[in-house]
Amino acid sequence: MRKLAIVLALASTALATPALARDKSWYVGVEGGAMIVEDIDYDITLVTGTTVDRAASVDHEYGWDVGGQIGYDFGGFRVEAEVSYRQAVVDGFRSSVTTPVYTSTGGLVDSTSGSFNYAGGKTNALSFMLNGLLDFGPDDGVQGFVGGGVGVARVKARYGLNRFGSFLDDSDTNFAYQALAGIRAPLSDNVDVSVKYRFFNVDNVQLNDVRNRLHEGRFRSHSILGGLTYNFFTPEPPVVVAPVVVETPPPPPPPPVVEAPVCSPGPFIVFFEWDKSDITPEAASILDNAVTQYQNCGNAQVMLAGHADKSGSASYNVGLSQRRADAVKGYLTSRSIPDTVIASEAFGEARPRVDTADGVREVQNRRVEVMYGPGSGQ
């Protein structure tokens, strides 16, 4: 557990940067990092048929863990296929029964029981897993994830008490499961960097030594991994909205007659980027034109109608359309239109300009309509 605490402490230095949405896209990734293997306690079945519980224990040094994934991001939930390989070197071996050992001449004898700090060898595991991951956090902030996976793993062990030969060199394939947690952040539009913790477990590993004695134990590891992910994600191209042009009425025939300015009540329609309420330069140009027309309408009332597309929940879209109406109101009042003559209403996704299926992003529906005239502000 002391080794586990050291490795987990290293993860606290991870740099958190804003994350980008990668919804509805395939991705591939690679990862690697440090690993510790919990002590493997083996039940040994002797050639006589007698089983000695926890007869041997293998201690490991720090190891390493690498892997790769291919998956699909459904938006808030990801499914991925993973292959990974992990390995650690033996640091010591303890046994309450005798252990086979090779001599320098190639002979095989049985050592006494006890602790062998000079023991060597390694344990590794190759796994093929199917993972499910839940993402959380705002799209424009740090995103965390938790999840788990199931699959199969081949655990291979090679142990020896000296350099003349291994008393155990065998492998076994069994069901495996793992738990995952981490954070991810973008390096570019398509590349993410991540820090992840992995708990990995394989039960009922059965191995035979050179005396044909059965060793049954469990392989369990903890890893801290750094990763890079490439998302096959294409951002939406920016939508350029042409400003609404109001034609100037032709001059009157001679003799020239000064006519009162014509009040153009609108609607003046401004559009917004997805999930945004910022006034774009194109929207500002349209609103400047609307301000000019308001001056021709005397003391007319002003009505603002905010709308959203169907890419979010209905309740969220009502609030988003209200923020858009408030942004337009703030722009108009900054151009000397009195706050007292402006009224607004948020319709959310209830009145689309272009009818779409639920969840579809449509720029024509992300809008605020400005109307002038008697009763418009009621």
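- The ring-ring contact (aromatic ring centres under 6.0 Å, His included) search around Y42 returns H215, not counting sequence neighbours.
- Few gaps surround CZ on R335; more than 12 heavy atoms of other groups in view lie less than 6.0 Å from it.
- Side chain to side chain, N201 and R220 meet the donor-acceptor criterion of an N or O pair below 3.5 Å.
- Identified under the ring pair (Phe, Tyr, Trp, His ring centres under 6.0 Å) test for residues 314-346, with sequence neighbours left out: none.
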Check against side chain to side chain contact (heavy atoms under 4.5 Å, CB included), H307 and R366: CA-CA 6 Å; H307 302 272; R366 304 195 293 266; over 6 Å; no
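- In the model, N231 has a side-chain atom that pairs as donor or acceptor with a side-chain atom of D192 under 3.5 Å.
- Each of D172, D169, D170, N124 was scored for a side-chain hydrogen bond (donor to acceptor under 3.5 Å, both in side chains) with K156, with one residue passing: D169.
- Sequence neighbours left out, the pairs with a member in residues 103-115 that pass salt bridge (charged side-chain N to carboxylate O under 4.0 Å, His left out) are D110-R211.
- The stretch residues 151-178 participates, sequence neighbours left out, in these ring pair (Phe, Tyr, Trp, His ring centres under 6.0 Å) pairs: F93-F167.
- By the salt bridge (Lys or Arg N to Asp or Glu O under 4.0 Å) test, R78 pairs with D135, sequence neighbours left out.
- Between F74 and Y72, the ring center distance clears the sub-6.0 Å criterion.
- Within the structure, salt bridge (charged side-chain N to carboxylate O under 4.0 Å, His left out) contacts touching residues 314-329 (residues at least two apart or in different chains) are K329-D339.
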